[in-house]
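Reviewing the structure listed below.
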Amino acid sequence: MIELSNVSKSYGPNELFSELNLRLNSGNKIGLVGRNGSGKSTLFKLILGEEQADSGEVMIPRNYKIGALKQYFDFTEKTLVDETALALAEDDKFSIYKVEKILFGLGFSQEDLEKEPKSFSGGFQIRINLAKLLLTEPNMLLLDEPTNYLDILSIRWLKAFLKNFEGEVILITHDRDFMDSVCTHTMGIIRRNAYMIAGGTEKFYEQLASNEEHHEKQKIAQDKKIKELEEFIAKNKARASTAALAQSKVKILEKMDVLEDIGYDSTLKFDFNYKDTPAKFLLEVKDVSFGYTKDNILFKDISFALEKGQTLGIIGKNGKGKSTLLNVIANELKALSGTIDYHGSTVFGHFGQTNISHLNLNSTIMDEIHSTNTKLPESVVRSICGLMMFSGDNAKKKISLLSGGEKSRVMLGKIIAKDVNLLFLDEPTNHLDMDSIAALTKAIKAFEGSSIIVTHSEELLREVCDRLIVFANDEAICFNGTYDEFLEKIGWDDDVVEIKKEKNVKVNKKESKKLRAAIVSEKSKATTPIKKQMQEIEEEIEKLEDSLEDARVKLSRDIPKIEKNIEDKFAQLEALQIKLDVMNKEFEIRMNEV
């Protein structure tokens with residue numbers, strides 16, 4: 001168990017944590033959410049001992065091993081397999097099969113094992129670090145955006161690995177679906193403290209919205225009370241007859257714990273600027289093939305017509321040609337054969353890694369976004385900057401000072417500002433936080449034009465895509481259906497995660513009804529004792545809270561003991577709720593299979 005007690009941390013005037021308290025129990029897998037800059041990565045550094053808290057304690061059990069994913073590269077061996085094997089324990093250093101199993105799961109091939117680690121792309125070098133981390137078999141994993149640069153198959157493998165991981169996990173990721181499928185709890189840094197609930201992100205944000213609404217009502221009432229006190233003091237402090245009473249109001253005001261403004265943007269949203277078009281089909285691709293040489297063809301004979309309002313997803317393993325296909329369609333690269341025809345009224349916006357070089361290095365972020373559409377008022381340009389996580393004075397930074405990820409966000413901001421009817425988006429969710437991704441998803445769904453998206457996010461694919469181009473088995477095929485329909489009808493041939501179910505033997509209605517009744521009876525027997533135990537604990541908590549109220553009135557020394565008892569009871573209740581949720585899910589799956 002890891003515990004943070006009354007931890008405070010500031011960087012100059014920017015206070016990230018104020019007496020933050022957090023306790024992680026055995027088996028907890030925590031999804032850490034929040035806007036960029038809220039302190040998620042700093043929390044990791046405090047737990048790892050890379051930075052020290054200004055005050056408070058970070059308590060970690062003796063011999064408890066914490067592993068974190070490195071974002072830098074320090075490779076010393078000549079082959080991938082030897083480099084990765086460095087992470088094996090001394091008494092396990094000959095277990096090369098473990099090394100190969102993890103490397104294959106992360107998308108490396110048999111031929112890759114003998115390649116030099118430094119010869120791989122940056123994305124694959126991140127995977128090498130991830131493989132080495134997983135091989136150390138730590139008690140806890142701290143993972144900061146582990147899905148960046150992973151393709152769909154590698155993400156599905158990592159998801160399965162983390163589900164079965166027996167230790168604790170704290171996960172920062174912009175992939176909401178990935179987080180929800182892996183984590184038992186969701187936690188956010190809210191007003192410089194940690195707020196955690198059992199369950200996924202949807203439940204967390206619903207509870208957060210409810211809490212914020214309650215906080216806002218309390219804040220309004222308190223502001224009104226403060227104003228009344230201040231007015232009373234101002235009127236009466238100079239009068240001899242009422243000075244004492246005014247002074248008592250001053251003391252009330254001084255002792256008041258003033259509630260903060262929420263400062264959390266729960267209404268984050270934006271829209272793409274749609275340029276009207278009479279076209280039914282915005283784009284037609286006929287028999288397009290491409291290769292950097294005629295002997296090395298990445299894809300061939302791709303044909304499709306993109307109807308207005310449709311979204312096409314391009315999916316598959318990394319390095320197979322997904323981004324290249326998008327660049328060919330966008331005329332960034334020239335096809336070897338075939339034709340690409342746009343309707344005369346088509347105007348597209350292209351977000352991709354290759355066109356970052358089009359940015360003016362001497363411009364500020366605001367100027368660069370405004371240059372795309374000079375009709376936009378400054379307030380709208382600033383809101384786009386804020387959406388892309390350049391708030392306040394950061395919006396006035398020069399492009400030359402930005403990192404690659406920051407430049408990508410500027411490119412996306414430019415597309416949001418432009419009048420278009422066709423969107424080309426290459427991995428648009430990279431470098432965005434969860435709130436910005438949710439806003440982006442809504443904007444794509446609401447866009448009246450068409451979109452072509454390269455993405456590894458299964459959540460985004462499910463939300464927005466009507467059709468697919470799938471890179472698999474050394475070819476690219478068009479699939480006229482959604483992503484879920486693709487998984488059901490075709491699926492990934494080398495998917496190491498999702499084992500397709502054998503078709504259920506058909507049963508008649510009478511037999512099905514009998515089976516379902518048996519499952520309901522079994523569920524009732526299994527869950528009733530847990531529900532009864534939870535009810536008993538809830539009743540005990542109520543009694544303890546009554547005792548605590550009495551103790552506070554009497555200023556009893558038993559207050560800390562009662563508070564500790566209440567906290568323990570809540571921990572028991574939480575553990576039982578998780579157990580019940582898992583059990584209910586298992587029975588739900590069984591019912592669906594009948």
Side-chain angles (χ1 to χ4, degrees), residues 11-14 35-38 41 71-73 121-123 126 145 148-149 174 265 268-275 323-324 326-334 346-433 435-437 439-440 443-444 447 451-454:
Y11 294 100
N14 183 23
R35 301 301 303 276
N36 282 24
S38 61
S41 296
Q71 300 289 343
Y72 61 89
F73 314 119
S121 67
I126 284 282
E145 298 292 2
N148 276 0
Y149 311 109
H174 61 262
D265 189 359
L268 182 66
K269 62 181 180 180
F270 68 87
D271 296 301
F272 290 105
N273 290 310
Y274 171 66
K275 182 176 178 60
S323 296
T324 304
L326 193 64
N327 286 333
V328 168
I329 295 170
N331 295 321
E332 294 275 337
L333 293 170
K334 185 173 176 57
T346 300
V347 179
F348 68 80
H350 182 199
F351 169 75
Q353 304 308 313
T354 56
N355 53 15
I356 287 176
S357 60
H358 299 171
L359 293 171
N360 184 341
L361 297 180
N362 294 318
S363 292
T364 66
I365 296 168
M366 281 189 67
D367 290 341
E368 190 68 15
I369 290 174
H370 186 251
S371 67
T372 305
N373 187 347
T374 55
K375 296 182 296 181
L376 294 179
E378 183 179 334
S379 59
V380 174
V381 174
R382 277 198 173 275
S383 70
I384 294 172
C385 290
L387 183 77
M388 295 298 105
M389 292 172 281
F390 301 111
S391 57
D393 290 341
N394 287 329
K396 296 179 180 178
K397 273 187 178 180
K398 279 199 170 185
I399 302 298
S400 59
L401 300 176
L402 304 182
S403 67
E406 288 172 327
K407 288 176 182 175
S408 292
R409 299 204 301 269
V410 175
M411 286 299 304
L412 187 56
K414 291 187 70 169
I415 294 173
I416 292 169
K418 188 177 181 182
D419 292 330
V420 296
N421 44 42
L422 178 57
L423 298 171
F424 295 148
L425 304 174
D426 188 357
E427 298 291 7
T429 60
N430 280 358
H431 311 295
L432 296 182
D433 63 26
D435 295 315
S436 298
I437 290 170
L440 172 67
I444 294 170
F447 183 56
S451 307
I452 301 180
I453 301 175
V454 177

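Bear in mind that the values here come from a model prediction, so they are computed numbers and not experimental data.
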Distance check, rounded to the nearest 0.5 Å: [X] atom [atom1] versus [Y] atom [atom2]?
X	Y	atom1	atom2	result
His350	Met411	NE2	CE	8.0 Å
Ile416	Arg409	CD1	CZ	12.0 Å
Ser400	Leu361	OG	CG	6.0 Å
Ile329	Phe424	CD1	CZ	6.0 Å
Glu368	Ile399	CD	CD1	5.0 Å
Leu402	Leu359	CG	CG	8.5 Å

Checklist line | From CA spacing to verdict: side chain to side chain contact (heavy atoms under 4.5 Å, CB included), Asn373, Val380 | finding: CA-CA 11 Å; Asn373 187 347; Val380 174; over 6 Å; no
Can you name the nearest heavy-atom pair linking [X] to [Y], along with the distance?
X	Y	value
Ala417	Leu376	CB-CD1, 3.5 Å
Leu440	Pro428	CD2-CB, 3.8 Å
Phe351	Ser408	CE1-O, 2.8 Å
Gly349	Ile415	C-CD1, 3.9 Å

Check: Who pairs with Asp367 by side-chain hydrogen bond (donor to acceptor under 3.5 Å, both in side chains), at least two apart in sequence or on another chain?
Finding: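 Scan of Asp367 (side-chain hydrogen bond (donor to acceptor under 3.5 Å, both in side chains), adjacent residues dropped) gives Thr364.
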Check: Are Ile365 and Glu406 close enough, and set up right, to give a side chain to side chain contact (heavy atoms under 4.5 Å, CB included), and what steps lead you there?
Finding: CA-CA 10 Å; Ile365 296 168; Glu406 288 172 327; over 6 Å; no
Check: Which residue pairs satisfy the salt bridge (Lys or Arg N to Asp or Glu O under 4.0 Å) criterion with at least one member in residues 371-400, sequence neighbours excluded?
Finding: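 Sorted result for residues 371-400: Lys375-Asp419, Glu378-Arg382.
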Next item on the list: Apply side chain to side chain contact (heavy atoms under 4.5 Å, CB included) to the pair Phe348 and Val420, showing each step before the final yes or no.
Entry: CA-CA 5 Å; Phe348 68 80; Val420 296; 5.8 Å; no
Notebook entry, point to check: Quick one: side-chain contact (heavy atoms from CB on, under 4.5 Å) partners of Thr346, sequence neighbours excluded?
Noted result: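 By the side-chain contact (heavy atoms from CB on, under 4.5 Å) rule, Thr346 matches Leu282, Tyr342, His343, Asn421, Leu422.
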Note to self: Assess the residue pair Leu326 and Glu332 against the criterion (side chain to side chain contact (heavy atoms under 4.5 Å, CB included)); give the C-alpha distance rounded to whole Å, side-chain angles, the decisive distance to 0.1 Å, and a yes or no.
What the structure shows: CA-CA 9 Å; Leu326 193 64; Glu332 294 275 337; over 6 Å; no
Notebook entry, point to check: Between Asp426 and Ile453, is there a donor-acceptor pair closer than 3.5 Å when you use the side chain of the first and the backbone of the second?
Noted result: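 Side chain of Asp426 to backbone of Ile453, a donor-acceptor pair under 3.5 Å: no, none is there.
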